[in-house]
Amino acid sequence: MNDYIRCNTDFHLHGLYYGAVSKDMIPNKIAEQAPLKGLNLVSTGDILNARWIKLVKEQLKIIDDGILEHENGTKFILQTEINDINRVHHLILFPSFSKVEELREAFKDKCKDLDTDGRPTIHMNGEEIAEICVKADCLLGFSHAFTPYFGLFSKYNSYKNCYGKYWNKIYFMELGLSADTNMADRISELHNLTFTSNSDAHSPWPNKMGREFNTLQLKEINFNEVKKALKRENGRKCTLNIKFNPLEGKYHKTRCTGCLKFYDPEEAIKLKWRCSNCNKSIKKGVDYRIHELADLPENKHPDHRPKCTHITSLSEIIALALDVNNAWSLKVQSTWKKFIDIFGNEIKILLDVDINEIRKVDEKVAKYLQYFREDKIKYIPGGAGVYGKLIKPDEEADINDYKKQQKSLNEF
(Lines give C-alpha, C1' and ligand atoms only; values in the text may rest on other atoms or scores of the structure.)
Protein backbone atom coordinates (compact mmCIF):
# COMPACT_ATOMS: atom_id res chain seq x y z
CA MET A 1 0.00 0.00 0.00
CA ASN A 2 1.42 3.40 -1.01
CA ASP A 3 -0.10 5.41 1.86
CA TYR A 4 -0.19 8.66 -0.08
CA ILE A 5 -2.00 11.67 1.31
CA ARG A 6 -3.97 14.30 -0.61
CA CYS A 7 -2.74 17.83 0.07
CA ASN A 8 -4.63 20.90 -1.16
CA THR A 9 -1.98 23.57 -1.65
CA ASP A 10 -1.89 27.27 -2.57
CA PHE A 11 1.70 28.24 -3.40
CA HIS A 12 1.28 31.99 -3.91
CA LEU A 13 0.11 34.52 -1.31
CA HIS A 14 1.20 37.99 -0.22
CA GLY A 15 1.53 39.44 3.27
CA LEU A 16 0.45 42.79 4.65
CA TYR A 17 3.82 44.47 3.92
CA TYR A 18 3.25 44.18 0.18
CA GLY A 19 1.36 47.05 -1.48
CA ALA A 20 -2.43 46.88 -1.94
CA VAL A 21 -2.81 44.01 0.52
CA SER A 22 -5.45 43.68 3.24
CA LYS A 23 -4.31 44.45 6.78
CA ASP A 24 -5.82 41.06 7.68
CA MET A 25 -3.19 39.26 5.60
CA ILE A 26 -1.19 38.00 8.58
CA PRO A 27 -0.23 34.39 9.38
CA ASN A 28 -2.85 33.98 12.14
CA LYS A 29 -5.70 35.10 9.88
CA ILE A 30 -4.43 33.11 6.88
CA ALA A 31 -4.26 30.01 9.09
CA GLU A 32 -7.77 30.62 10.41
CA GLN A 33 -9.32 30.97 6.96
CA ALA A 34 -7.42 28.22 5.09
CA PRO A 35 -9.45 25.29 6.54
CA LEU A 36 -12.70 27.08 5.64
CA LYS A 37 -11.59 26.91 2.02
CA GLY A 38 -10.30 23.35 2.37
CA LEU A 39 -6.54 24.03 2.16
CA ASN A 40 -3.96 21.90 4.00
CA LEU A 41 -0.82 23.76 2.96
CA VAL A 42 -0.41 27.44 2.06
CA SER A 43 2.62 29.56 1.34
CA THR A 44 4.06 32.08 3.74
CA GLY A 45 4.42 34.61 0.93
CA ASP A 46 6.97 37.45 0.98
CA ILE A 47 9.50 35.54 3.10
CA LEU A 48 12.51 37.62 1.98
CA ASN A 49 11.10 40.64 3.85
CA ALA A 50 12.66 40.98 7.33
CA ARG A 51 9.51 42.37 8.99
CA TRP A 52 7.46 39.54 7.53
CA ILE A 53 10.01 36.94 8.65
CA LYS A 54 9.67 38.28 12.20
CA LEU A 55 5.87 38.10 12.08
CA VAL A 56 5.89 34.59 10.59
CA LYS A 57 8.23 33.33 13.29
CA GLU A 58 6.09 34.94 16.01
CA GLN A 59 2.81 33.40 14.82
CA LEU A 60 3.91 30.04 13.39
CA LYS A 61 6.03 27.16 14.64
CA ILE A 62 8.79 25.55 12.57
CA ILE A 63 8.00 21.82 12.42
CA ASP A 64 10.29 20.74 9.57
CA ASP A 65 12.82 22.37 7.28
CA GLY A 66 10.79 24.58 4.97
CA ILE A 67 7.46 23.86 6.70
CA LEU A 68 5.77 25.79 9.52
CA GLU A 69 2.52 25.15 11.35
CA HIS A 70 -0.10 27.26 13.05
CA GLU A 71 -1.61 26.08 16.32
CA ASN A 72 -4.80 25.13 14.44
CA GLY A 73 -2.85 22.68 12.23
CA THR A 74 -2.62 24.77 9.04
CA LYS A 75 0.78 24.23 7.47
CA PHE A 76 2.88 26.79 5.57
CA ILE A 77 5.74 26.45 3.09
CA LEU A 78 8.41 29.15 2.83
CA GLN A 79 7.78 31.17 -0.34
CA THR A 80 8.23 34.51 -2.00
CA GLU A 81 7.59 36.20 -5.33
CA ILE A 82 10.23 38.46 -6.84
CA ASN A 83 10.38 40.88 -9.77
CA ASP A 84 13.49 40.70 -11.98
CA ILE A 85 15.28 43.39 -13.98
CA ASN A 86 13.10 42.61 -17.02
CA ARG A 87 9.88 42.94 -14.98
CA VAL A 88 9.23 39.19 -14.96
CA HIS A 89 7.80 37.68 -11.79
CA HIS A 90 9.18 34.46 -10.31
CA LEU A 91 8.08 32.18 -7.46
CA ILE A 92 10.66 30.73 -5.07
CA LEU A 93 10.07 27.91 -2.57
CA PHE A 94 12.69 27.53 0.16
CA PRO A 95 13.85 24.35 1.95
CA SER A 96 14.72 26.20 5.18
CA PHE A 97 15.11 29.59 6.84
CA SER A 98 18.88 29.26 6.39
CA LYS A 99 18.28 29.26 2.63
CA VAL A 100 16.04 32.31 3.00
CA GLU A 101 18.96 34.09 4.65
CA GLU A 102 21.32 32.80 1.95
CA LEU A 103 19.19 34.38 -0.76
CA ARG A 104 18.75 37.59 1.22
CA GLU A 105 22.54 37.84 1.33
CA ALA A 106 22.87 37.06 -2.39
CA PHE A 107 20.23 39.60 -3.40
CA LYS A 108 20.91 42.47 -0.97
CA ASP A 109 23.36 44.35 -3.22
CA LYS A 110 21.02 43.90 -6.20
CA CYS A 111 17.87 45.11 -4.46
CA LYS A 112 16.75 48.42 -2.95
CA ASP A 113 13.45 47.24 -1.47
CA LEU A 114 14.24 43.89 0.13
CA ASP A 115 12.81 44.97 3.48
CA THR A 116 10.35 47.63 2.33
CA ASP A 117 8.29 45.58 -0.13
CA GLY A 118 6.80 42.09 -0.01
CA ARG A 119 7.68 41.42 -3.63
CA PRO A 120 11.15 42.90 -4.04
CA THR A 121 12.73 43.89 -7.35
CA ILE A 122 16.01 42.06 -7.88
CA HIS A 123 18.25 43.79 -10.43
CA MET A 124 19.27 40.52 -12.05
CA ASN A 125 17.91 38.60 -15.02
CA GLY A 126 16.16 35.25 -14.89
CA GLU A 127 19.30 33.21 -15.58
CA GLU A 128 21.24 34.97 -12.81
CA ILE A 129 18.39 34.44 -10.35
CA ALA A 130 18.08 30.79 -11.38
CA GLU A 131 21.78 30.21 -10.75
CA ILE A 132 21.46 31.49 -7.18
CA CYS A 133 18.29 29.50 -6.50
CA VAL A 134 19.69 26.26 -7.95
CA LYS A 135 22.88 26.55 -5.87
CA ALA A 136 20.75 27.11 -2.74
CA ASP A 137 18.54 24.05 -3.49
CA CYS A 138 15.48 26.28 -3.77
CA LEU A 139 12.66 25.63 -6.24
CA LEU A 140 12.15 28.33 -8.85
CA GLY A 141 9.25 28.77 -11.24
CA PHE A 142 7.53 31.64 -13.00
CA SER A 143 4.37 33.43 -11.89
CA HIS A 144 1.12 34.00 -13.88
CA ALA A 145 2.96 32.99 -17.02
CA PHE A 146 0.95 34.77 -19.70
CA THR A 147 -0.38 37.92 -18.08
CA PRO A 148 0.70 41.29 -19.48
CA TYR A 149 3.13 43.51 -17.61
CA PHE A 150 4.82 40.85 -15.44
CA GLY A 151 4.21 37.42 -16.98
CA LEU A 152 7.26 35.69 -18.47
CA PHE A 153 5.56 35.36 -21.86
CA SER A 154 4.89 39.09 -22.01
CA LYS A 155 8.68 39.46 -22.42
CA TYR A 156 9.84 36.17 -23.96
CA ASN A 157 8.61 33.62 -26.50
CA SER A 158 10.24 30.75 -24.56
CA TYR A 159 10.93 30.21 -20.89
CA LYS A 160 14.29 28.76 -21.95
CA ASN A 161 15.35 32.22 -23.14
CA CYS A 162 14.56 33.66 -19.72
CA TYR A 163 16.43 31.07 -17.66
CA GLY A 164 19.30 30.40 -20.06
CA LYS A 165 21.49 27.43 -19.18
CA TYR A 166 19.35 26.74 -16.10
CA TRP A 167 16.11 26.19 -18.05
CA ASN A 168 16.19 22.45 -17.27
CA LYS A 169 16.24 23.26 -13.55
CA ILE A 170 12.82 24.88 -13.81
CA TYR A 171 10.20 22.29 -12.92
CA PHE A 172 6.99 24.27 -12.53
CA MET A 173 5.12 27.35 -13.68
CA GLU A 174 1.98 29.14 -12.55
CA LEU A 175 -0.89 29.31 -15.03
CA GLY A 176 -2.41 32.52 -13.69
CA LEU A 177 -6.10 33.34 -13.36
CA SER A 178 -6.60 34.05 -17.08
CA ALA A 179 -5.32 30.72 -18.50
CA ASP A 180 -5.92 27.03 -17.89
CA THR A 181 -4.37 23.70 -18.78
CA ASN A 182 -6.12 23.36 -22.15
CA MET A 183 -4.78 26.73 -23.19
CA ALA A 184 -1.22 26.39 -21.89
CA ASP A 185 -0.66 22.87 -23.24
CA ARG A 186 -1.00 24.26 -26.77
CA ILE A 187 2.67 25.28 -26.27
CA SER A 188 4.72 22.10 -26.60
CA GLU A 189 7.75 23.27 -24.58
CA LEU A 190 5.52 23.64 -21.53
CA HIS A 191 4.81 19.91 -21.55
CA ASN A 192 8.09 19.61 -19.62
CA LEU A 193 6.64 21.49 -16.67
CA THR A 194 4.25 20.84 -13.81
CA PHE A 195 1.45 23.40 -13.94
CA THR A 196 0.49 25.06 -10.70
CA SER A 197 -2.72 26.98 -10.07
CA ASN A 198 -2.40 29.46 -7.21
CA SER A 199 -4.43 32.36 -5.87
CA ASP A 200 -1.87 35.22 -5.69
CA ALA A 201 -4.23 36.37 -2.94
CA HIS A 202 -4.02 39.80 -1.34
CA SER A 203 -6.64 39.01 1.30
CA PRO A 204 -7.22 35.85 3.38
CA TRP A 205 -10.93 35.38 2.73
CA PRO A 206 -11.96 32.15 0.97
CA ASN A 207 -13.21 33.98 -2.12
CA LYS A 208 -9.58 35.00 -2.74
CA MET A 209 -7.18 32.67 -0.93
CA GLY A 210 -7.47 29.26 -2.54
CA ARG A 211 -9.52 30.59 -5.45
CA GLU A 212 -6.95 28.51 -7.31
CA PHE A 213 -5.05 25.62 -5.72
CA ASN A 214 -3.31 22.32 -6.44
CA THR A 215 -3.97 18.85 -5.07
CA LEU A 216 -0.66 17.08 -4.49
CA GLN A 217 -0.04 13.39 -3.87
CA LEU A 218 2.54 13.16 -1.08
CA LYS A 219 3.73 10.75 1.59
CA GLU A 220 3.79 13.56 4.14
CA ILE A 221 3.86 17.34 4.13
CA ASN A 222 7.44 18.53 3.96
CA PHE A 223 9.62 20.41 1.48
CA ASN A 224 11.26 17.34 -0.05
CA GLU A 225 7.88 15.74 -0.71
CA VAL A 226 6.64 18.94 -2.36
CA LYS A 227 9.82 19.06 -4.42
CA LYS A 228 9.29 15.48 -5.58
CA ALA A 229 5.68 16.29 -6.48
CA LEU A 230 6.65 19.30 -8.58
CA LYS A 231 9.36 17.21 -10.27
CA ARG A 232 6.93 14.24 -10.57
CA GLU A 233 9.30 11.79 -8.88
CA ASN A 234 8.69 8.47 -7.08
CA GLY A 235 4.90 8.58 -7.35
CA ARG A 236 4.63 12.09 -5.93
CA LYS A 237 2.81 14.45 -8.26
CA CYS A 238 0.13 17.04 -8.75
CA THR A 239 -3.14 15.15 -9.23
CA LEU A 240 -5.52 18.08 -9.78
CA ASN A 241 -5.42 21.74 -10.80
CA ILE A 242 -8.37 23.67 -9.42
CA LYS A 243 -8.69 27.12 -10.91
CA PHE A 244 -10.75 30.01 -12.16
CA ASN A 245 -12.58 29.68 -15.40
CA PRO A 246 -10.14 31.79 -17.44
CA LEU A 247 -13.07 33.94 -18.55
CA GLU A 248 -13.09 35.34 -15.00
CA GLY A 249 -9.42 36.33 -15.16
CA LYS A 250 -8.48 40.00 -15.32
CA TYR A 251 -6.50 39.69 -18.54
CA HIS A 252 -8.24 36.93 -20.50
CA LYS A 253 -9.61 38.99 -23.40
CA THR A 254 -8.12 41.83 -25.45
CA ARG A 255 -9.58 45.07 -24.11
CA CYS A 256 -9.04 48.83 -23.91
CA THR A 257 -7.43 49.94 -20.64
CA GLY A 258 -9.43 53.19 -20.70
CA CYS A 259 -13.04 52.75 -21.82
CA LEU A 260 -12.86 48.92 -21.41
CA LYS A 261 -14.12 48.20 -24.91
CA PHE A 262 -13.40 44.62 -26.00
CA TYR A 263 -11.48 44.16 -29.24
CA ASP A 264 -10.89 41.37 -31.68
CA PRO A 265 -7.07 41.06 -31.60
CA GLU A 266 -6.80 41.41 -35.37
CA GLU A 267 -8.62 44.74 -35.15
CA ALA A 268 -6.36 45.84 -32.28
CA ILE A 269 -3.31 45.05 -34.39
CA LYS A 270 -4.65 47.20 -37.25
CA LEU A 271 -5.21 50.02 -34.74
CA LYS A 272 -1.61 49.56 -33.47
CA TRP A 273 -3.05 48.69 -30.03
CA ARG A 274 -4.61 52.12 -29.58
CA CYS A 275 -8.35 52.37 -28.86
CA SER A 276 -10.43 53.98 -31.62
CA ASN A 277 -12.95 55.10 -29.00
CA CYS A 278 -10.81 56.81 -26.34
CA ASN A 279 -7.23 56.56 -27.70
CA LYS A 280 -5.98 54.69 -24.62
CA SER A 281 -3.84 51.57 -25.01
CA ILE A 282 -5.44 48.21 -25.82
CA LYS A 283 -4.12 45.36 -23.66
CA LYS A 284 -3.54 42.06 -25.42
CA GLY A 285 -5.56 39.22 -23.91
CA VAL A 286 -3.96 36.05 -22.52
CA ASP A 287 -6.02 33.94 -24.92
CA TYR A 288 -4.48 35.74 -27.89
CA ARG A 289 -0.94 35.67 -26.45
CA ILE A 290 -1.22 31.90 -26.16
CA HIS A 291 -2.56 31.76 -29.73
CA GLU A 292 0.61 33.55 -30.86
CA LEU A 293 2.84 31.03 -29.08
CA ALA A 294 0.88 27.85 -29.75
CA ASP A 295 2.29 25.04 -31.88
CA LEU A 296 -0.33 22.43 -30.90
CA PRO A 297 -4.13 22.17 -31.04
CA GLU A 298 -6.20 22.07 -27.85
CA ASN A 299 -6.50 18.88 -25.79
CA LYS A 300 -2.98 17.65 -26.56
CA HIS A 301 -1.69 16.99 -23.06
CA PRO A 302 1.39 15.13 -21.83
CA ASP A 303 0.66 11.89 -19.99
CA HIS A 304 1.57 13.42 -16.63
CA ARG A 305 -0.88 16.33 -16.88
CA PRO A 306 -3.64 16.08 -14.23
CA LYS A 307 -7.26 17.07 -14.62
CA CYS A 308 -8.00 20.78 -14.52
CA THR A 309 -11.30 21.77 -12.89
CA HIS A 310 -12.79 25.28 -12.93
CA ILE A 311 -14.30 26.75 -9.78
CA THR A 312 -15.61 30.07 -8.63
CA SER A 313 -16.16 31.26 -5.07
CA LEU A 314 -19.17 29.95 -3.17
CA SER A 315 -20.12 33.51 -2.21
CA GLU A 316 -20.38 34.47 -5.91
CA ILE A 317 -22.72 31.53 -6.55
CA ILE A 318 -24.83 32.44 -3.52
CA ALA A 319 -25.03 36.08 -4.69
CA LEU A 320 -26.17 34.93 -8.12
CA ALA A 321 -28.77 32.61 -6.59
CA LEU A 322 -30.12 35.27 -4.23
CA ASP A 323 -30.11 38.10 -6.83
CA VAL A 324 -27.64 40.14 -4.79
CA ASN A 325 -25.04 42.24 -6.60
CA ASN A 326 -22.56 42.33 -3.71
CA ALA A 327 -21.04 39.02 -2.63
CA TRP A 328 -19.97 40.73 0.61
CA SER A 329 -23.53 41.63 1.61
CA LEU A 330 -24.78 40.43 5.00
CA LYS A 331 -27.37 38.23 3.29
CA VAL A 332 -24.76 36.43 1.17
CA GLN A 333 -22.21 36.09 3.95
CA SER A 334 -24.71 34.74 6.47
CA THR A 335 -25.82 32.13 3.92
CA TRP A 336 -22.17 31.29 3.19
CA LYS A 337 -21.48 30.80 6.91
CA LYS A 338 -24.52 28.55 7.27
CA PHE A 339 -23.16 26.25 4.54
CA ILE A 340 -19.65 26.22 6.03
CA ASP A 341 -21.02 25.42 9.50
CA ILE A 342 -22.92 22.43 8.07
CA PHE A 343 -20.47 21.02 5.50
CA GLY A 344 -17.06 22.17 6.72
CA ASN A 345 -15.33 23.91 3.84
CA GLU A 346 -15.96 25.63 0.54
CA ILE A 347 -14.13 23.17 -1.73
CA LYS A 348 -16.24 20.30 -0.46
CA ILE A 349 -19.45 22.26 -1.06
CA LEU A 350 -18.44 23.34 -4.56
CA LEU A 351 -17.27 19.94 -5.77
CA ASP A 352 -18.30 17.04 -3.56
CA VAL A 353 -21.43 17.46 -1.41
CA ASP A 354 -24.52 15.74 -2.85
CA ILE A 355 -26.77 18.35 -4.41
CA ASN A 356 -29.76 16.91 -2.52
CA GLU A 357 -27.98 17.73 0.74
CA ILE A 358 -27.40 21.28 -0.52
CA ARG A 359 -31.10 21.50 -1.40
CA LYS A 360 -32.07 20.75 2.20
CA VAL A 361 -30.23 23.91 3.26
CA ASP A 362 -31.25 26.28 0.46
CA GLU A 363 -33.06 25.34 -2.75
CA LYS A 364 -32.00 28.47 -4.66
CA VAL A 365 -28.32 27.95 -3.87
CA ALA A 366 -28.65 24.26 -4.79
CA LYS A 367 -30.11 25.23 -8.16
CA TYR A 368 -27.20 27.52 -8.99
CA LEU A 369 -24.61 25.15 -7.60
CA GLN A 370 -26.04 22.54 -9.97
CA TYR A 371 -25.73 25.05 -12.83
CA PHE A 372 -22.10 25.63 -11.81
CA ARG A 373 -21.28 21.92 -11.73
CA GLU A 374 -22.90 21.43 -15.13
CA ASP A 375 -20.94 24.39 -16.54
CA LYS A 376 -24.13 26.27 -17.39
CA ILE A 377 -23.25 29.57 -15.73
CA LYS A 378 -22.26 32.21 -18.28
CA TYR A 379 -19.52 34.81 -18.02
CA ILE A 380 -18.81 38.29 -19.19
CA PRO A 381 -15.07 37.82 -19.72
CA GLY A 382 -12.36 39.79 -17.97
CA GLY A 383 -9.74 41.94 -19.63
CA ALA A 384 -7.49 44.99 -19.18
CA GLY A 385 -7.24 44.43 -15.42
CA VAL A 386 -10.96 43.93 -14.70
CA TYR A 387 -12.29 40.57 -13.50
CA GLY A 388 -14.97 38.75 -15.45
CA LYS A 389 -18.54 38.55 -14.17
CA LEU A 390 -20.83 35.58 -13.62
CA ILE A 391 -24.28 35.82 -15.18
CA LYS A 392 -27.27 33.50 -15.00
CA PRO A 393 -27.78 30.78 -17.63
CA ASP A 394 -30.93 32.48 -18.98
CA GLU A 395 -29.48 36.01 -18.85
CA GLU A 396 -28.19 37.91 -21.86
CA ALA A 397 -25.65 40.69 -21.42
CA ASP A 398 -23.71 43.00 -23.70
CA ILE A 399 -20.09 42.48 -22.74
CA ASN A 400 -19.25 46.12 -23.40
CA ASP A 401 -21.85 47.20 -20.82
CA TYR A 402 -19.73 45.73 -18.02
CA LYS A 403 -17.35 48.45 -16.81
CA LYS A 404 -16.71 47.38 -13.24
CA GLN A 405 -13.48 48.69 -11.72
CA GLN A 406 -11.60 47.59 -8.60
CA LYS A 407 -13.17 49.17 -5.53
CA SER A 408 -11.60 47.52 -2.48
CA LEU A 409 -8.85 45.24 -1.26
CA ASN A 410 -11.43 42.48 -0.93
CA GLU A 411 -11.54 42.30 -4.73
CA PHE A 412 -7.92 41.25 -5.23
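Computed from heavy atoms alone, side chains included, the values below leave out hydrogens, waters and symmetry copies.
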Review item, side-chain donor-acceptor pairs of residues 150-158, under 3.5 Å, at least two apart:
unit_1, atom_1, unit_2, atom_2, d
S154, OG, G151, O, 2.6
K155, NZ, R87, O, 3.4
K155, NZ, Y149, O, 2.3
Y156, OH, N86, ND2, 3.1
N157, OD1, R289, NH2, 2.7
S158, OG, K160, N, 3.1
S158, OG, E189, OE1, 2.7
S158, OG, E189, OE2, 3.3

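A 6.0 Å sphere centred on CD of E374 holds more than 12 heavy atoms belonging to other residues, nucleotides or ligands. Environment of NZ in K378: crowded, with over 12 heavy atoms of neighbouring residues, nucleotides or ligands closer than 6.0 Å. Surrounding NZ of K237 are at most 12 heavy atoms belonging to other residues, nucleotides or ligands under 6.0 Å away. By the neighbour-count criterion of 12 heavy atoms within 6.0 Å, atom NZ of K338 is densely surrounded, having more than that number from other residues, nucleotides or ligands. Applying the 6.0 Å contact sphere to CZ of R6 captures no more than 12 heavy atoms from other residues, nucleotides or ligands. Atom NZ of K110 has 12 or fewer heavy atoms from other residues, nucleotides or ligands within 6.0 Å.
Under the 3.5 Å distance criterion, the side-chain polar atoms of S96 are matched with a main-chain donor or acceptor of K99. Looking at E316, its side chain never comes within 3.5 Å of a backbone N or O of S313 through a donor-acceptor pair. A donor-acceptor pair is defined here as one N or O able to donate and one able to accept, closer than 3.5 Å; such a pair exists between the side chain of E127 and the backbone of K165. Listed for the E32 side chain is no donor-acceptor partner under 3.5 Å among the backbone atoms of K29. At distances below 3.5 Å, not a single donor-acceptor pair connects side-chain atoms of R255 with backbone N or O atoms of K261. At distances below 3.5 Å, not a single donor-acceptor pair connects side-chain atoms of D117 with backbone N or O atoms of P120. Between the side chain of H252 and the backbone N or O of G382 there is no donor-acceptor pair closer than 3.5 Å. D185 places no side-chain N or O within 3.5 Å of a backbone atom of K300 that could act as its donor or acceptor partner. For the pair N125 (side chain) and E128 (backbone), a donor-acceptor distance under 3.5 Å is present.
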Apply side-chain contact (heavy atoms from CB on, under 4.5 Å) to residues W167 and Y159 and explain how you reach the verdict. CA-CA 7 Å; W167 74 266; Y159 78 93; 3.6 Å; yes
Please report the C-alpha distance between V42 and I30 in whole Å, then the side-chain angles of each, then the deciding distance to 0.1 Å, and finally whether the side-chain contact (heavy atoms from CB on, under 4.5 Å) criterion is met. CA-CA 8 Å; V42 294; I30 294 168; 4.0 Å; yes
Check against side-chain contact (heavy atoms from CB on, under 4.5 Å), F213 and I347: CA-CA 10 Å; F213 68 92; I347 294 167; 3.3 Å; yes
side-chain contact (heavy atoms from CB on, under 4.5 Å), that's the test. Do V226 and F11 meet it? Break it down for me. CA-CA 11 Å; V226 170; F11 284 121; 3.7 Å; yes
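Judged by distance alone, the side chains of N83 and T121 do bring a donor and an acceptor atom under 3.5 Å apart. Under 3.5 Å, the side chains of S315 and N207 contain no donor-acceptor pair of N or O atoms. For the residue pair N222/D65, the side-chain donor-acceptor check at 3.5 Å is not satisfied. Side-chain contact check for E212 and N198: no donor-acceptor pair (N or O, by modelled atom type) lies under 3.5 Å. Checked by atom type, the side-chain pair N8/T215 shows a donor-acceptor distance below 3.5 Å. Between the side chains of H12 and Q79, no donor-acceptor pair of N or O atoms lies under 3.5 Å. Side chain to side chain, H301 and N182 meet the donor-acceptor criterion of an N or O pair below 3.5 Å. When only modelled atom types and interatomic distance are considered, H90 and E81 share no side-chain donor-acceptor pair under 3.5 Å.
When all heavy atoms are compared, the tightest approach of L140 to A130 is CD2-CA, 3.5 Å. Nearest heavy atoms, A179 versus F146: CB-CD1, 3.8 Å. In terms of heavy atoms, R373 sits closest to D352 at NH2-N, 3.8 Å. Contact detail for G210 and K37: the closest heavy-atom pair is O-CE, 3.2 Å.
For the atom pair T181 OG1 and F195 CZ, the distance stands at 6.0 Å (nearest 0.5 Å). Rounding to the nearest 0.5 angstrom, the gap separating the CG atom in N192 from the OH atom in Y171 is 11.5 Å. K243 NZ to T196 OG1: the interatomic distance, rounded to the nearest 0.5 Å, is 10.0 Å. Between the CG atom of L218 and the OH atom of Y4 there is a distance of 9.5 Å, given to the nearest 0.5 Å. Between the OG atom in S203 and the NZ atom in K208 there is a gap of 6.5 Å [rounded to 0.5 Å]. For the atom pair CG of D200 and CZ of R211, the computed distance is 6.5 Å after rounding to the nearest 0.5 Å.
Under the 4.5 Å side-chain criterion, counting only non-hydrogen atoms from C-beta, T74 is not in contact with E69. In this structure the side chain of L55 reaches within 4.5 angstrom of the side chain of W52, judged on heavy atoms. Between T239 and L216 the shortest side-chain heavy-atom distance does not fall below 4.5 Å. Taking the side chain as every heavy atom from C-beta outward, T80 and F94 approach each other to under 4.5 Å. The shortest distance between side-chain heavy atoms of I122 and D84 does not fall below 4.5 Å.
Just one of D10, T9, N214 meets the side-chain hydrogen bond (donor to acceptor under 3.5 Å, both in side chains) condition when paired with S197; it is N214. Of the options R236, K219, K75, K231, a salt bridge (Lys or Arg N to Asp or Glu O under 4.0 Å) to E225 is made by R236 and by none of the others.
Both tests hold for R51 against Y17: distance to the six-membered ring centre under 6.0 Å, angle to the ring axis within 45°. For the pair K250 and Y387, the cation-pi test (distance below 6.0 Å, angle within 45°) is passed.
For the side chain to side chain donor-acceptor pair (under 3.5 Å) condition, the pairs that include at least one residue of residues 269-284, sequence neighbours left out, are T257-S281, Y263-S276, K284-E292.
Ring centroid separation for the pair Y163 and Y166 does not come in under the 6.0 Å cut-off. Under the 6.0 Å cut-off for aromatic ring centres, F372 and H310 do not qualify, their centroids lying 6.0 Å or more apart.
Taking the salt bridge (charged side-chain N to carboxylate O under 4.0 Å, His left out) definition, one finds that E248 meets it with nothing, sequence neighbours left out.
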